[in-house]
Amino acid sequence: MIPVLGPLWTRLNRSSGALLMLDFDGTLAPFRESRLQTRPYPGIPILLETLGRESRTRVVLVTGRPAKSLQNLLRLHPSPEIWGSHGAERLRPDGTYQEPDLDSARKEGLRRAHWSALLGLPPHKVERKPVSVAAHWRGIPQGERGRIRKALQARWTTVAERYNLQLLPFDGGLEMVVPGFHKGRAVARLLEETDPTHPAAYLGDDLTDERAFAALGTRGLSVLVRGAWRPTRAQAWIRPPEEVLAFLEGWCFHTLLRNRRFP
Ligand SMILES: O=P(O)(O)OC[C@H]1O[C@H](O[C@H]2O[C@H](CO)[C@@H](O)[C@H](O)[C@H]2O)[C@H](O)[C@@H](O)[C@@H]1O
């Protein structure tokens with residue numbers, strides 16, 4: 001058990017509410033060559049559903065995936081709130097959906113980024129999202145990958161400068177995003193909506209989760225989820241999947257037990 005967990009469990013036992021924010025790929029699910037074949041680690045869905053039914057914890061998925069595609073992939077009951085496309089879209093449990101209204105220049109920039117990615121990558125390696133475009137190189141042989149990345153980066157840099165967009169590297173690819181949308185924005189908004197005395201935590205693995213760790217600061221527990229440690233802003237480090245399952249089981253246990261009397 002990581003040392004900070006003892007105090008967290010005590011606070012969860014005593015608190016009337018809590019906020020648990022979770023990244024998806026690499027944290028709740030192993031990486032696969034095809035994003036469409038990704039499934040969460042066994043045990044994750046039942047823990048998320050148990051937390052969802054236990055109303056004291058607000059569970060929120062904060063992901064680079066489009067929010068609706070993650071909802072369809074997981075099919076949880078109840079469905080958690082999902083902030084998709086790195087904090088640009090918000091899909092609430094009741095189905096209410098918000099996405100930013102992009103100006104025509106940004107839309108044109110993303111269109112160009114999409115087509116210029118298709119010049120250098122097979123179609124299944126290019127992911128068009130509501131407010132971004134991701135180029136994936138997982139599964140492409142190492143030697144070829146460097147050449148593809150270099151060429152795409154050069155083309156995308158020109159597009160980004162012209163249309164006021166930004167390049168965002170992530171585990172296994174590069175994404176063209178709209179500046180201002182990132183996971184730290186989602187976390188900041190969620191914290192604003194949360195009672196400051198309620199425990200909060202964020203679990204994530206990728207470079208894109210670093211903005212979330214920074215936004216959480218000392219207000220809650222930030223946890224890096226990775227097989228091997230890397231320099232990070234997170235306060236703690238755990239390895240998937242066993243330690244992630246243990247963390248979520250601990251969270252369920254300590255929130256479910258509160259104020260319960262057993263014969
Ligand atoms: O923020 P996350 O929930 O971690 O999502 C990050 C990206 O996840 C997906 O791509 C990643 O997972 C794929 C399936 O394992 C893998 O093939 C790819 O290499 C990974 O980068 C998703 O397709 C992206 O949209 C997300 O941004």
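Ligands are counted one by one from 1 in listed order, and the atoms in each one are counted from 1 as well. In this chain, numbering begins with 1 at the start of the sequence shown.
Under a 4.0 Å criterion applied to the non-hydrogen atoms of Thr63, ligand 1 contributes the atoms 1 (O), 2 (P), 3 (O), 5 (O). The ligand atoms of ligand 1 that sit less than 4.0 angstrom from a heavy atom of Lys183 are 1 (O), 2 (P). In the vicinity of Phe170, heavy-atom distances shorter than 4.0 Å reach the ligand 1 atoms 21 (O).
For a threshold of 3.5 Å applied to N or O pairs, the pair formed by Arg138 and ligand 1 contains at least one separation below that value. Below 3.5 Å of separation, one finds no N or O of Ser34 facing any N or O of ligand 1. For Phe24, a nitrogen or oxygen atom sits less than 3.5 Å from a nitrogen or oxygen atom of ligand 1, counting backbone and side chain alike. At least one N or O atom of Gly64, backbone or side chain, sits closer than 3.5 Å to an N or O atom of ligand 1.
For atom 14 (C) of ligand 1, the nearest protein heavy atom (residue, atom name, distance) is Thr38 OG1, 3.1 Å. Ranking protein heavy atoms by distance to atom 8 (O) of ligand 1, first place goes to Asp25 OD2, 2.9 Å. Annotation: atom 2 (P) of ligand 1 to nearest protein heavy atom, Asp23 OD1, 2.9 Å. Here the protein heavy atom with the shortest distance to atom 15 (O) of ligand 1 is Arg32 N, 2.6 Å.
One finds no salt bridge joining Glu89 and Lys68 here, because no Lys/Arg side-chain nitrogen approaches an Asp/Glu carboxylate oxygen to under 4.0 Å. In this structure, Glu193 pairs ionically with Arg90, as a charged nitrogen and a carboxylate oxygen lie closer than 4.0 Å. Salt-bridge formation is not detected for the pair Asp25/Arg32: no Lys NZ or Arg NE/NH1/NH2 atom is positioned less than 4.0 Å from an Asp or Glu carboxylate oxygen. Looking at Glu210 and Arg230, a side-chain N of the basic residue comes within less than 4.0 Å of a carboxylate O on the acidic one, giving a salt bridge.
Heavy-atom distances between Asp171 and ligand 1 reach below 4.0 Å in at least one pair.
Within the set Glu127, His136, Glu33, Arg65, the minimum heavy-atom distance to atom 18 (C) of ligand 1 is found for His136. Residue Lys129 holds the heavy atom nearest to atom 25 (O) of ligand 1 of all those in Gln37, Lys129, Arg35.
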Go through Glu54 and Thr57 one step at a time and tell me if the side-chain hydrogen bond (donor to acceptor under 3.5 Å, both in side chains) criterion holds.
-> CA-CA 7 Å; Glu54 182 281 311; Thr57 299; 3.2 Å; yes
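When the options Leu28, Val223, Leu47 are evaluated for a side-chain contact (heavy atoms from CB on, under 4.5 Å) with Val244, the one that passes is Leu28. Only one option out of His86, Lys183, Arg233, His182 pairs with Asp209 in a side chain to side chain donor-acceptor pair (under 3.5 Å); it is Lys183.
In this structure, Thr158 contributes its side chain and Ala154 its backbone to a donor-acceptor pair below 3.5 Å.
Two rings, from Trp9 and Phe247, have their centers less than 6.0 Å apart.
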